[in-house]
Amino acid sequence: MSVVEPEEWGPEGLCEQFWDIDRKMHNRRFAFILGAGASVQSGIPTAGTLVWRWLGELHRRLARGGLSLERWATAEALEIRGFSLTDAAAFYSQVFARRFRQHPDEGYADLEDIMQGKDPSFGYSVLAHILAETRHKLVITTNFDNLVGEALSIFTGTAPLVCGHESLANFVHVEPRRPVVVKFTATC
C-alpha cells in the first residue's frame, strides 16, 4: 500500500467535504485542532511574535557588552537547551518559562493583558455553531486564550466543558452531549 500525499484544499472544497461527510457518514466525528494562528484575526499575536517580544525583553535585561539580540540569543545565554534563533517560535514554552521564571505570576498577567478586550472572530462564530449544532463537538488547542468558549457562549448560548488539566480527562465522553475544549501546553 502506498502513501498518498495530502492535498491542500481551498475553503469551499473543505466546507463541501465537511458537510458531505456530516450528512452521509453519521458514524464519523470531526475534532478541530487549533494553534496560535486561529486567534490572529481576534487580535492575539502568534507564538512567534510573542517569542520575539520576550526575547527582546530578556536581551534588554540580561545582555552585557553591547551584544545585539541576534548575537546574544543563544542556548547558553538563555539557558534553553538546543535553542536556535532561526527557529525561535518552536521554543515558545521554553522562552515563556525563561522570561517569567523569576516571577511566574507576571507571565500569567502578561497573557491576561494580551487577551484583554479581544473578541472571537468570524471563524470562531462559525466553529461555535458547528460545535453546538452538530455531533462534531471536540476542539483540541494549544492556545492560552478562551476564544472558543467565549464564541460558544456569545453566538450559541452554549457552555463547553473545558479540560485544561489531565485530571479532567475522565469527564470527556466518546459521544459528548456538549462541546469539549481540550487545552494543552507543551512541557519544557
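Among all heavy-atom pairs drawn from Thr74 and Phe83, the shortest one is C-CD2, 4.1 Å. Summarising the geometry of Ala88 relative to Trp52, their closest heavy-atom pair is CB-NE1, 4.4 Å, with the distance given to 0.1 Å. Nearest heavy atoms, Arg135 versus Asp22: NH2-O, 2.9 Å. The nearest pair of heavy atoms linking Leu131 to Leu138 is CD2-N, 3.8 Å. Smallest separation of non-hydrogen atoms from Pro160 and Gly149: CG-CA, 3.9 Å.
Applying the side-chain hydrogen bond (donor to acceptor under 3.5 Å, both in side chains) test to residues at least two apart or on different chains, the pairs with a partner in residues 111-125 are Ser39-Tyr124.
Ile154 places a side-chain heavy atom less than 4.5 Å from the side chain of Pro120. Looking at Leu147 and Leu34, their side chains never come closer than 4.5 Å, going by heavy atoms from C-beta outward. A 4.5 Å side-chain heavy-atom check between Ile114 and Phe144 finds at least one atom pair inside the cut-off. When side chains are defined from C-beta on, Met115 counts as touching Ile44, because their heavy atoms get closer than 4.5 Å.
With sequence neighbours excluded, no residue forms a side-chain hydrogen bond (donor to acceptor under 3.5 Å, both in side chains) with Thr134. With sequence neighbours left out, Thr158 forms a side-chain contact (heavy atoms from CB on, under 4.5 Å) with Ala132, Leu152, Thr156, Pro179. In this view, Val40 and Thr46 satisfy the side-chain contact (heavy atoms from CB on, under 4.5 Å) rule, not counting sequence neighbours. With sequence neighbours excluded, no residue forms a side-chain hydrogen bond (donor to acceptor under 3.5 Å, both in side chains) with Glu16. Every residue two or more places apart in sequence or in another chain that forms a side-chain contact (heavy atoms from CB on, under 4.5 Å) with Arg23 is listed here: Asp20. Scored by the side-chain hydrogen bond (donor to acceptor under 3.5 Å, both in side chains) test, Arg178 finds no partners at all (sequence neighbours excluded). Partners of Asp145 under the salt bridge (charged side-chain N to carboxylate O under 4.0 Å, His left out) rule, at least two apart in sequence or in another chain, do not exist in this structure. Residues passing the side-chain hydrogen bond (donor to acceptor under 3.5 Å, both in side chains) test with Trp9, sequence neighbours excluded: Glu7. Residues that satisfy the side-chain contact (heavy atoms from CB on, under 4.5 Å) test with Glu70, not counting sequence neighbours, are Ser68, Leu85. Residues that satisfy the ring pair (Phe, Tyr, Trp, His ring centres under 6.0 Å) test with His136, not counting sequence neighbours, are Phe18, Phe30.
Side-chain heavy atoms closer than 4.5 Å link hydrophobic residues (I, L, V, M, F, W, Y) into clusters, and following such links, possibly through other members, connects Val139 to Phe122. At a threshold of 4.5 Å between side-chain heavy atoms, the hydrophobic network of Ile, Leu, Val, Met, Phe, Trp and Tyr places Phe91 and Trp72 in one connected group. Hydrophobic clustering of Ile, Leu, Val, Met, Phe, Trp and Tyr side chains at less than 4.5 Å, counting indirect connections, keeps Leu14 apart from Leu127.
Rounding to the nearest 0.5 Å places CG of Leu55 at 10.5 Å from CZ of Arg60. Here the straight-line distance linking atom OG1 of Thr49 with atom CH2 of Trp54 works out to 10.5 Å at 0.5 Å rounding. With rounding to the nearest 0.5 Å, the separation of CD1 in Ile130 from CZ in Phe32 is 4.5 Å. Within the model, atoms CG of Asn146 and OG1 of Thr141 stand 10.0 Å from one another, a figure rounded to the nearest 0.5 Å. Atom NZ of Lys183 and atom CD1 of Ile140 lie 13.5 Å apart (nearest 0.5 Å). Atoms CG and CG, on Leu69 and Leu58 in that order, are 9.5 Å from each other to the nearest 0.5 Å.
Checking side-chain atoms of Arg29 against main-chain N and O of Lys137 turns up no donor-acceptor pair under 3.5 Å.
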Enumerate donor-acceptor pairs with a distance under 3.5 Å from any side-chain N or O in residues 96-103 to protein atoms, sequence neighbours excluded.
from   : atom 1 : to    : atom 2 : distance (Å)
Arg98  : NE     : Leu78 : O      : 3.2
Arg99  : NE     : Glu57 : OE1    : 2.6
Arg99  : NH2    : Glu57 : OE1    : 3.2
Arg101 : NH1    : Glu79 : OE1    : 2.8
Arg101 : NH2    : Glu79 : OE1    : 3.0

